[in-house]
Every structure is written in C-alpha cells, then in structure tokens.
Amino acid sequence: MKRKLTNFRQKVLDAVAKIPSGHVLTYKQVAILAGSSRAYRAVGNILSRNRSKKIPCHRVVRSDGKLGGYNRGIEEKIKLLKAEKSILI
DNA sequence: CGTATGACGTGCA
DNA sequence: GTGCACGCCATAC
C-alpha cells in the first residue's frame with residue numbers, strides 16, 4: 001500500500017508501534033520522538049484518525065496521568081492498559 | 001487553497 | 001486545589 005503518510009505521521013505511528021507491552025508514553029513524548037516537541041496536538045489528532053489495529057495508540061496517555069481518549073472507546077483503552085499493567089507516567 | 005478541528009499542555013485567576 | 005482560557009502543531013475537509 002502506498003500511503004502518502006507524511007514524515008511526521010509516519011514517525012508518530014512508528015514510535016507508537018514500537019512501544020513495548022506494559023510501557024506507555026505521553027503525547028508530548030511521542031511528539032518529541034516524531035521530531036516536534038510542540039506537535040503533541042497533531043499527535044492526538046493523527047492517532048484519533050488512525051484506526052490501525054497495528055498501532056497500540058492505547059499506550060499513549062496524557063501528561064496529566066489521564067488516559068485521554070481512544071477511537072474505539074475509552075473503556076477499551078483502560079481495559080487494554082490494565083491487561084498489560086502499563087506503567088503510568 | 002483556506003478554514004476548522006483535535007485523543008494536549010501550560011499559565012493564570 | 002480547582003477551573004477557565006489561550007496557544008501550538010499537523011491533518012482533514
């Protein structure tokens with residue numbers, strides 16, 4: 001599939017996809033890994049549009065310690081994090 | 001091409 | 001400690 005994913009988007013998805021089980025990152029951290037420490041806003045946007053099941057976006061949480069949201073249902077995100085015993089930042 | 005939105009973050013009252 | 005408002009970036013329409 002030739003997706004014209006922008007560099008930023010590709011990097012964000014790649015960074016999230018590389019998150020090991022039981023580990024979580026904040027939107028800001030992901031944004032930094034993507035190359036823009038101030039694009040955490042875009043990160044949330046991209047993840048919200050990204051429905052790829054291959055992207056464990058549920059491992060991305062807010063800096064406040066809250067989960068934020070999940071395109072498949074916040075409850076599902078909580079369930080997944082709990083099942084993986086994700087480390088809260 | 002331009003506008004509006006968004007799963008955020010920080011600052012200030 | 002809590003609540004409100006603004007600012008920031010990239011994407012999608």
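Reminder, nothing fancy here: chain letters follow the sequence lines and each chain counts from 1. Quick note: numbers below take in every heavy atom, side chains included, and nothing from hydrogens, waters or symmetry partners.
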Inset, instruction - Find the distance A:F8:CZ to C:dC8:P and express it as a whole number of Å. - result: 16 Å

Inset, instruction - Take atom CZ of A:R72 and atom P of B:dA7, then tell me their distance rounded to the nearest Å. - result: 17 Å

Inset, instruction - Round to a whole Å and report the spacing from CZ of A:R38 to C1' of C:dC9. - result: 10 Å

Inset, instruction - May I have the distance from A:I32 (atom CD1) to C:dC9 (atom C1'), rounded to whole angstrom? - result: 13 Å

Inset, instruction - In whole angstrom, give the distance that lies between atom CZ of A:R41 and atom P of B:dT5. - result: 12 Å

Inset, instruction - Let me know, please, whether A:A39 or A:R49 comes out on the 5' side of the other along DNA chain C by nearest nucleotide. - result: A:A39

Legend entry - Residues A:K66, A:D64; criterion salt bridge (Lys or Arg N to Asp or Glu O under 4.0 Å); working and verdict: CA-CA 5 Å; A:K66 299 178 185 180; A:D64 303 286; over 6 Å; no

Legend entry - 5' precedence on DNA chain B between A:K28 and A:L47 (nearest-nucleotide basis): A:L47

Legend entry - Side-chain N,O (A:K66) to OP1/OP2 (B:dA7) below 4.0 Å: no

Inset, instruction - Please tell me which of the listed nucleotides, C:dT11, B:dG9, C:dC9, lies nearest to the side chain of A:S63? - result: B:dG9

Inset, instruction - Using a cut-off of strictly less than 4.0 Å, decide whether A:R62 has a side-chain nitrogen or oxygen near OP1 or OP2 of B:dC8. - result: yes

Legend entry - Pairwise side-chain contact, A:R9 with A:L13, heavy-atom cut-off 4.5 Å (strictly under): yes

Inset, instruction - Starting at atom OH of A:Y40, determine the distance to atom P of C:dG7, rounded to an integer number of angstrom. - result: 13 Å

Legend entry - Nearest-angstrom distance from the residue atom CD1 of A:I55 to P of C:dT11: 15 Å

Legend entry - Nearest listed nucleotide, side chain of A:R9, among B:dG6, C:dA12, B:dA7: C:dA12

Legend entry - Main-chain N/O of A:I19 paired with A:R59 side-chain donor or acceptor, under 3.5 Å: yes

Legend entry - Side-chain donor/acceptor contact of A:Y70 with base of B:dA7 under 3.5 Å: no

Legend entry - Backbone of A:I55 reached by a side-chain donor or acceptor of A:S52 within 3.5 Å: no

Legend entry - Between B:dG11 (P) and A:D64 (CG): distance, integer Å: 12 Å

Legend entry - A:K85 (side chain) donor-acceptor with A:S21 (main chain) under 3.5 angstrom: no

